[in-house]
Amino acid sequence: MRVRFAPSPTGQLHVGNARTALFNWFLARGRGGEFILRIEDTDVERSTIESEAAIVRDLRWLGLDWDEGPDIGGARGPYRQSERLHLYQSYAQELLTIGKAYRCFCTKEQLEARRAAAMDADGFAGYDGACRRLSVADVDTRLARGEKAAIRFRIPENRDVGFTDAVRGEVRFHTSVIGDPVIMRAEGVPAYNFAVVVDDALMGVTQVIRGEDHISNTPRQILLYEAMGFTPPAFAHLSLVMGPDHAPLSKRHGATSVAEFRTKGYLPEALVNYLALIGWSPRDATEVVDGASEQSELFPAHELARRFSLSAVTHSAGAFDEEKLAWANRHYLKIAEPARLAELSLPFFHNAGISIASAPEAMEFLASVIPIATSVVSRLDEVPSRLAFLFNYSVEQALEHDDLRHEMLADGPRAVAVALARELADEPRLDRERFRHVANRVKVATGQKGRALFHPIRVILTGRAEGPELDLAVPAIDRGADLAPGSGLPRITGCRERAADFSKALG
RNA sequence: GUCCCCAUCGUCCAGAGGCCUAGGACGUGGCCCUUUCAAGGCCAAAACCCGGGUUCGAAUCCCGGUGGGGACGCCA
């Protein structure tokens, strides 16, 4: 089995296309097939090498890999259509020779005018066949005169073209609704419908899995396969991914590209898992035990691949639900390696204005505290604000908030601050256990308890009324104090100093 | 306009004629846990688009309607 993903490098990788790539990859990896990446850059105007690089980067980020592609080569290359022009030219010539294609001299303006008229008259919007029966002599003289001509494929008349779609079943079109498509533009560049067919045939693609928007191109392509003597591959058309309102997913709905989801702080495994859930369910009928079926929907990519099958893909379009993506992200955030999360969150800290040295001790410290944030947050971009108290600590700043100041200036909290400073003064390294011990002594010393005791302590240690769990914050701050000198971690202060500062500030 | 595809809780899926008093997940509401916010646990509300057939029996099959989407390009 050979499958492919064939994006055109005209922009960012869209999540809908990413899902198509994913389903192809699932199939290849789940059943030992080959996955090919091919770049369809025949639109010279819009294709850019930057887009190609971005698409490759995003596919890699998602964790996809391919067996053949423009960046790694392969036996059936090249894998960029712009580098295969001679192939299209020779096949087009062949079709011309055997009379299955013909030159078309119609201009864009003429075509548009006639199309509009025909659409009103009988609803047919395809090519009207004006150049279909030009004589050889005619064509030769016009060519000799220097007139530019495109090459069109002659769609056979009065035929049914059908195929068995792997997700939809039987699909049938009558050739009367298909106009002769351009296969080579006047400039000598192939048109999409022709290039895909030549490439898929030559590259030995056995299953074409693509978006539903291509379903009506399929009959043209099948006819092209036949005309050139190729055996058509199996086709599968995936329903499209829509926005929450079931209109086509667009910027107006928020993020639409893989790159945007990355910069919003989603983990690739979460996006992959979520995307797989649109239009497909990883549930396996064989796992139904005692009438209760498998409940989880969260699986690593290789497991999704193992379970994947085209026949289980839904026929209807699915709406993109960022809430559910966020849920998947929370899950993967919780099970990810802290060291990796520390690495991944670096740019988010940078954006938040918190610079963290790349020194190993700094990264080690970050890794040790990152679970404080990732255990409660939905995305990586929320991490810095959760952890800011470790880096940007200041008594003054904390007391600038009216509500906090009022609360801290009350007798109870003031007593807690003073007692905490005193207790901490003689305390060696703090960990959760020691902290509980200290808190207990503060409780005894002040007679405060519950919220009245812990709320002031939280404000002292985090400078905020809410936030990371104290159990985790305490040892984190304590470690930071030890690391601060020369570690490249700016302005980290230990518990002892914080308590003392507050005690002083509150009088 | 013509052709094609699709139609189960707000959303994503399960359901391939009786197992359905329609199941799961996200989200929502409530309760529990808890020194806060979360997380976690438990419970709840919530759907077969409409109309005709076929059948002893239809969410499941057929036809029509309606609704949504796609295509009709010298874009892909």
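None of the values given here were measured: they were computed from a predicted structure. Just so we're on the same page: letters track the sequence lines, and every chain starts at 1.
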Inset, instruction - Could you work out which one of B:rA76, B:rA7, B:rC26 sits closest to the side chain of A:Asn217? - result: B:rA76
Inset, instruction - Kindly point out which of B:rG70, B:rC4, B:rU35 is positioned nearest to the side chain of A:Asp213? - result: B:rG70
Legend entry - Watson-Crick or G-U counterpart of B:rC72, or none if no pair lies under 3.5 Å: B:rG1
Inset, instruction - Verify whether one side chain among A:Thr446 and A:Arg414 offers a donor that lies under 3.5 Å from an acceptor in the other. - result: no
Inset, instruction - Would you indicate which nucleotide in B:rC74, B:rC5, B:rG24 comes nearest to any side-chain atom of A:Arg168? - result: B:rC5
Inset, instruction - Report yes or no: do A:Arg210 and A:His237 form a side-chain donor-acceptor pair below 3.5 Å? - result: yes
Legend entry - Out of B:rG70, B:rU2, B:rC4, whichever nucleotide has its closest atom nearest the side chain of A:Val171: B:rC4
Inset, instruction - State the pairing partner of B:rC20; accept Watson-Crick or G-U wobble contacts with both distances under 3.5 Å, and report none otherwise. - result: none
Inset, instruction - Examine A:Phe153 together with A:Phe194 and report whether their ring centres are nearer than 6.0 Å. - result: no
Inset, instruction - With a 3.5 angstrom cut-off on both distances, give the Watson-Crick or G-U wobble partner of B:rC42, or none if there isn't one. - result: B:rG30
Legend entry - Whole angstrom value for the distance that separates C1' of B:rG27 from CD of A:Glu297: 13 Å
Legend entry - Separation of atom CD1 in A:Ile215 from atom P in B:rG68, rounded to whole Å: 20 Å
Legend entry - Counter-base of B:rA14, judged by Watson-Crick or G-U geometry with both distances under 3.5 Å: none
Pull out every protein N or O sitting under 3.5 Å from an N or O of nucleotides 39-47 of chain B, one pair per line with the distance.
unit_1: B:rA39; atom_1: O3'; unit_2: A:Lys334; atom_2: NZ; d: 3.2

Inset, instruction - Just compare B:rC13, B:rU35, B:rU11 and give me whichever is closest to any side-chain atom of A:Thr314. - result: B:rC13
Legend entry - Validation row, ring centre A:Tyr192 to ring centre A:Tyr88 under 6.0 Å: no
Inset, instruction - State which of B:rA76, B:rG73, B:rA71 makes the closest approach to the side chain of A:Arg220. - result: B:rA71
Inset, instruction - Round to the nearest Å and state the distance from A:Glu112 atom CD to B:rC75 atom P. - result: 11 Å
Legend entry - Strand partner of B:rA59, provided both Watson-Crick or wobble distances fall under 3.5 Å: none
Inset, instruction - Return the nearest nucleotide to the side chain of A:Glu40; candidates are B:rC26, B:rA76, B:rA14. - result: B:rA76
Inset, instruction - Sort out the partner of B:rC49 for me: Watson-Crick or G-U wobble, both distances under 3.5 Å, none otherwise. - result: B:rG65
Legend entry - Closest to side chain of A:Ala125, choosing from B:rC72, B:rG10, B:rC74: B:rC72
Legend entry - Among B:rC37, B:rU2, B:rC6, the one nearest A:Arg386 by side-chain distance: B:rC37
Inset, instruction - Examine A:Tyr91 together with A:His86 and report whether their ring centres are nearer than 6.0 Å. - result: no
Legend entry - A:Ser316 and A:Thr314 side chains, donor-acceptor separation under 3.5 Å: no
